[in-house]
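Naming convention: chains lettered A, B, ... in sequence-line order (proteins, then strands); numbering from 1 in each chain.
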Number of protein chains: 2
Amino acid sequence: MKISNTVEWAIHCCTLLAGLPEDVNLSAKDLAEYHGVPHPYLAKALQMLSNDGILKTISGPKGGYRLASKPDSVSLLDIVLSIEGNDSCFGCEEIRQQGPTALKRSLSYKRPCLIASAMWKAENVWRAELEKVKLTHLVDQVKVEADPRQMKKTQEWLNDKYNSK
Amino acid sequence: MKISNTVEWAIHCCTLLAGLPEDVNLSAKDLAEYHGVPHPYLAKALQMLSNDGILKTISGPKGGYRLASKPDSVSLLDIVLSIEGNDSCFGCEEIRQQGPTALKRSLSYKRPCLIASAMWKAENVWRAELEKVKLTHLVDQVKVEADPRQMKKTQEWLNDKYNSK
DNA sequence: TTAATTGCGGATATAATTTATCCGTGATAG
DNA sequence: CTATCACGGATAAATTATATCCGCAATTAA
Ligand code: SF4
Ligand code: SF4
């Protein structure tokens, strides 16, 4: 029941990209440098995001990643599922069909039991909650809450990247 | 984002115990045999449940486990957290404080960002959903839905265990 | 009191998973 | 054409999760 930390990286990358002008893109190396995380590993996460159509890749020199669609159409859930996979976190192994008291392969176990359905329902409300939060919201909060000094630093860093291309 | 399968075992054990008369208890070996799962490993899960006050242990011959409290005061969430631990599934590593644009250990990062709070809120609704389901509900469903033949088999198995003590 | 049974906790071995790295291929701007 | 860059597959290392074992203390039947 642990969420990989690459999920956090992925969310931060998407948020950063969502706040950028449309014609700007950042390479995996840039994104890794910006967040202070290992490049080759972050690249894997970015690949998943691009496979799932969340990011668009521009190859060749000056290439990199940018958001594939509008920031308000990408939710936290999209990113989380892209990295973690969309399997249910509760895997029922049907143990009621094992042991000495089990009936032999009967059809008596038709519908999912309360245990499994409760677990699945809980996961659904969890997903619904994450679905509500779009990248737009995250970008907006950064604009409102971020320290002006950091905004300035970030802008300079971006300009630096952009000019060197 | 995977839940250990011992969680499922634990829930099944608790449900079985919850359906038993008050003065009956089952040993770890019995529970393992009943569910067709390895005894030494299930024992670990039972220990956690007993450490967290969900199960009560009777030691010595004829000893074993029984529910520590009323079935309607134990929820799915209690069991899940007992086995999985109650850490949040989203671990924020404060990566906004890393990289070249970060401000040096300033207090500018006072409140948790939207990302973290959205993840935590989602986990809370998940927990609330599991909290709703008590062992009573599970026992009731078994009584209503279970195949009479299996009920009979189970009863015989239980009598067998009980008489041999 | 003694012998047998049972849960407890620590130590340990094995299997999976996560994390991290590398390189070859293809695409693209200059 | 050539240098740059991302993708994908393969692989290695580190970390967790899973599964097992054994000696100890507690309890009870005889
Ligand atoms: S469906 Fe329910 S009863 Fe059957 S194995 Fe899964 S959790 Fe257990
Ligand atoms: S608090 Fe938010 S911004 Fe900071 S590291 Fe955690 S997820 Fe990222």
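One can place CD of B/E8 at 19 Å from P of D/dA17, the figure rounded to the nearest angstrom. A straight line from CZ of A/R66 to P of D/dC5 spans 15 Å, rounded to a whole angstrom. Atom CH2 in A/W9 sits about 14 Å away from atom P in C/dT18, given to the nearest Å. Note: CG (A/N5) to P (D/dT15) measures 13 Å, nearest angstrom. We find that NZ of A/K29 is positioned 14 Å from P of C/dC22, with the value rounded to whole Å. The distance between atom CD1 of A/I83 and atom P of C/dT18, rounded to the nearest whole Å, is 12 Å. Whole-Å rounding puts the B/K56 NZ to C/dC8 P distance at 13 Å. Atom CG of B/L46 is separated from atom C1' of D/dT18 by 16 Å (rounded to the nearest Å).
Residue B/S4 is in sugar-phosphate contact alone, with no base atom involved, counting any heavy-atom pair closer than 4.0 Å across all strands shown.
Residue B/T57 places its side chain closer to C/dG7 than to any other of C/dG7, C/dT21, D/dT27. With distances taken from any side-chain atom of A/K62 to the nucleotides C/dT19, C/dA29, C/dC8, the minimum falls on C/dA29. When distances are taken from the side chain of B/S50 to each of C/dA29, C/dC8, C/dT6, the shortest belongs to C/dC8. Among the nucleotides C/dT28, D/dT27, C/dC8, the one closest to any side-chain atom of A/P61 is C/dT28. Closest approach to the A/S27 side chain among D/dC5, D/dT28, C/dG7 is made by D/dC5 (side chain taken as heavy atoms from C-beta onward). With distances taken from any side-chain atom of B/Y41 to the nucleotides D/dT20, C/dT21, C/dG7, the minimum falls on D/dT20. Across D/dA19, C/dT6, D/dC21, the shortest atom-to-atom separation from the side chain of B/S59 is found for C/dT6. Comparing C/dT6, C/dT19, D/dT20 against the side chain of B/K44 picks out D/dT20 as the nearest. Of the candidate nucleotides D/dA6, C/dC8, D/dG8, C/dC8 has the atom nearest to the side chain of B/Q47.
Rounding to the nearest 0.5 angstrom, the gap separating the CZ atom in B/F90 from the CG atom in A/L130 is 10.0 Å. Rounded to the nearest 0.5 angstrom, B/R127 CZ and B/L81 CG are separated by 5.0 Å.
The closest donor-acceptor contact from the side chain of A/R66 to the backbone of A/L17 lies at 3.5 Å or more, if one exists at all.
For the pair B/G60 and A/I58, both in contact range of DNA chain C, the more 5′-proximal nearest nucleotide belongs to B/G60. Toward the 5' end of DNA chain D, the nearer of the two residues B/P40 and A/H39, judged by each one's closest nucleotide, is A/H39. Position along DNA chain C of the nearest nucleotide to B/N51 versus A/E84 favours B/N51 as the more 5'-ward residue.
When the shell of 6.0 Å around NZ of A/K29 is examined, it contains 12 or fewer heavy atoms from other residues, nucleotides or ligands.
A side-chain N or O of A/D52 and one of A/S82 form a donor-acceptor pair less than 3.5 Å apart.
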